[in-house]
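Here the structure comes first, spelled out in structure tokens, and everything after it is commentary.
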Protein chains: 2
Amino acid sequence: MSQTATILVIDDEPQIRKFLRISLVSQGYKVVEAATGGEGLSQAALTQPDLLVLDLGLPDMDGQQVLREFREWSRVPVLVLSVRASEIQKVEALDGGANDYVTKPFGIQEFLARVRALLRQAPQGETQPALISLGPLCIDLAYRRVTLDGVEVALTRKEYAVLAQLARYPGRVVTQQQLLKDIWGPTHAEDSHYLRIVVGHVRQKLGDDPTAPRFIVTEPGVGYRLVGDA
Amino acid sequence: MSQTATILVIDDEPQIRKFLRISLVSQGYKVVEAATGGEGLSQAALTQPDLLVLDLGLPDMDGQQVLREFREWSRVPVLVLSVRASEIQKVEALDGGANDYVTKPFGIQEFLARVRALLRQAPQGETQPALISLGPLCIDLAYRRVTLDGVEVALTRKEYAVLAQLARYPGRVVTQQQLLKDIWGPTHAEDSHYLRIVVGHVRQKLGDDPTAPRFIVTEPGVGYRLVGDA
DNA sequence: CCGGGGTATAAAGAATTCGTAAAAAATTGG
DNA sequence: CCAATTTTTTACGAATTCTTTATACCCCGG
């Protein structure tokens with residue numbers, strides 16, 4: 001997936017961090033850095049990365065300890081870096097929950113390939129539910145299917161795009177301009193007209209009444225939102 | 001997993017096989033062996049292992065080729081062994097679908113730890129069947145065969161590639177661009193009419209009607225998907 | 001009471017997209 | 001090297017979808 005995966009790098013040596021950051025960013029990844037184990041764990045909880053690159057040689061706490069604490073709540077793949085090549089170290093790290101172990105110095109190409117391999121097996125699909133249900137209405141973002149009372153509703157591209165966009169933020173208002181920019185492109189950000197027509201079609205197909213909405217409610221002058229009962 | 005995981009070892013050198021077998025069996029794994037690439041792929045389809053250990057230096061066919069064919073239908077983790085330590089080799093294998101790469105000679109403890117790491121992450125990965133059946137239609141990804149009412153359907157490369165790609169996500173929409181990128185390459189991601197023609201051929205051979213589809217349904221403006229009862 | 005901004009619906013015309021056929025070019029396998 | 005198959009190119013009608021244009025609505029404030 002060329003989706004911008006986020007990678008958290010925990011390493012105390014600034015030059016290594018810089019080296020990794022430049023390499024990873026050049027591949028299109030988003031990179032977050034931490035210099036200590038404690039900071040790393042905070043960042044991990046905060047940014048919810050898709051991959052953790054962890055150097056075992058940290059000043060404040062043992063790398064193994066960081067790994068252990070991280071694994072208490074996350075299954076995100078971990079790639080461990082270390083200068084120590086001792087086999088016992090590797091075994092400990094791998095059995096402690098690491099998914100791969102690379103010994104410094106390493107080739108950057110191999111490193112990037114291992115990063116790709118780790119990201120490949122762990123689709124970040126877990127992050128948000130792909131199935132939104134509002135009473136009789138069910139929106140399956142993964143399968144791109146919408147059902148009403150179990151019956152599939154045939155939606156056109158734009159119709160589905162609008163509904164899906166709303167479904168990604170259930171209960172929250174999505175701005176007209178947001179919808180227009182995302183679906184029609186930035187050039188049509190002002191043509192709120194298009195939106196009304198498409199929303200109208202969706203409502204018709206869902207049997208929804210704008211004056212007494214079951215699903216899509218209009219926020220005048222702002223945008224639309226899905227009703228927020230789960 | 002202390003459940004007896006099955007590990008398939010593909011290596012032409014008997015002493016390496018023996019070494020690995022003894023080590024793995026002592027850990028409680030069930031081990032299946034193959035000396036050649038062809039035999040290995042057959043065994044893989046037959047025994048459905050939980051992990052594949054593949055030596056790249058095989059006599060009958062290129063290890064990369066074995067890896068590629070295996071990945072056509074299976075997502076089971078693959079650990080690649082090789083005497084060659086060249087970085088380009090590693091990158092190729094890892095990008096070709098391998099999950100880890102160990103250079104000979106290696107420490108057995110590290111090897112076993114990497115095996116554990118690969119098996120650990122595996123079980124949650126939905127064990128995707130290599131055989132997809134939709135009523136009278138049967139798609140065998142391992143043997144690259146498609147049968148309709150028990151009769152084999154002759155498909156060309158592209159035709160099979162499209163159908164197989166759809167079969168990997170049964171019921172889910174596969175984007176036109178996804179199909180084009182994966183089968184024709186990134187340069188043809190816009191030539192959606194290739195797709196229409198090939199899909200047309202497949203439908204013809206399967207006796208499928210686009211307006212009342214039994215198998216392949218078209219999602220206008222988006223892509224195609226196999227009907228989703230399973 | 002009346003007008004205006006924002007909204008909802010309907011119905012045209014324009015532009016895509018889809019499916020099929022058939023010819024030309026490239027690939028495959030003997 | 002040749003023949004057969006496969007893939008790519010080219011073309012066109014039909015159906016759908018999107019855009020445009022037009023009209024009526026509703027709530028609020030002047």
Net bend of the helix from C:dG13-D:dC18 to C:dG30-D:dC1, end axes of five pairs each, nearest 10 degrees: 30°
Run the side-chain contact (heavy atoms from CB on, under 4.5 Å) test against [X] and tell me which residues pass, sequence neighbours left out.
{"X": "B:A161", "answer": "B:I183"}
{"X": "A:F19", "answer": "A:S23, A:F106, A:I108"}
{"X": "B:S42", "answer": "none"}

Residue pair B:R203 / B:T218, side-chain donor-acceptor N/O under 3.5 Å: no
Who pairs with [X] by salt bridge (Lys or Arg N to Asp or Glu O under 4.0 Å), at least two apart in sequence or on another chain?
{"X": "B:R196", "value": "none"}
{"X": "B:E152", "value": "B:R145"}
{"X": "B:E92", "value": "none"}
{"X": "B:R21", "value": "B:E33"}

Along DNA chain C, first and last positions that approach a heavy atom of chain A under 4.0 Å: C:dG6 to C:dT17
Length of the CG-C1' vector between A:L155 and D:dT17, whole Å: 13 Å
Distance, rounded to the nearest Å, where A:R157 contributes CZ and D:dC18 contributes C1': 9 Å
Any residue of residues 182-206 of chain A with a heavy atom less than 4.0 Å from an atom of DNA chain D: A:W184, A:H193, A:Y194, A:I197
Residue closer to the 5' end of DNA chain C, B:G221 versus A:D209 (nearest nucleotide): A:D209
Test side-chain contact (heavy atoms from CB on, under 4.5 Å) applied to B:V102 and B:V115, B:L79, B:V80, the passing residue: B:L79
Donor-acceptor contacts under 3.5 Å from residues 171-181 of chain A side chains, at least two apart:
from, atom 1, to, atom 2, distance (Å)
A:Q178, NE2, A:D182, OD2, 3.3

Partners meeting side chain to side chain donor-acceptor pair (under 3.5 Å) with A:Y160 (sequence neighbours left out): none
Under 4.0 angstrom between A:T156 side-chain N/O and D:dT16 OP1 or OP2: no
Sugar-phosphate only, base, or nothing, as touched by A:T211 at under 4.0 Å among non-hydrogen atoms: nothing
Sugar-phosphate, base or nothing in reach of A:Q176, heavy atoms under 4.0 Å: sugar-phosphate
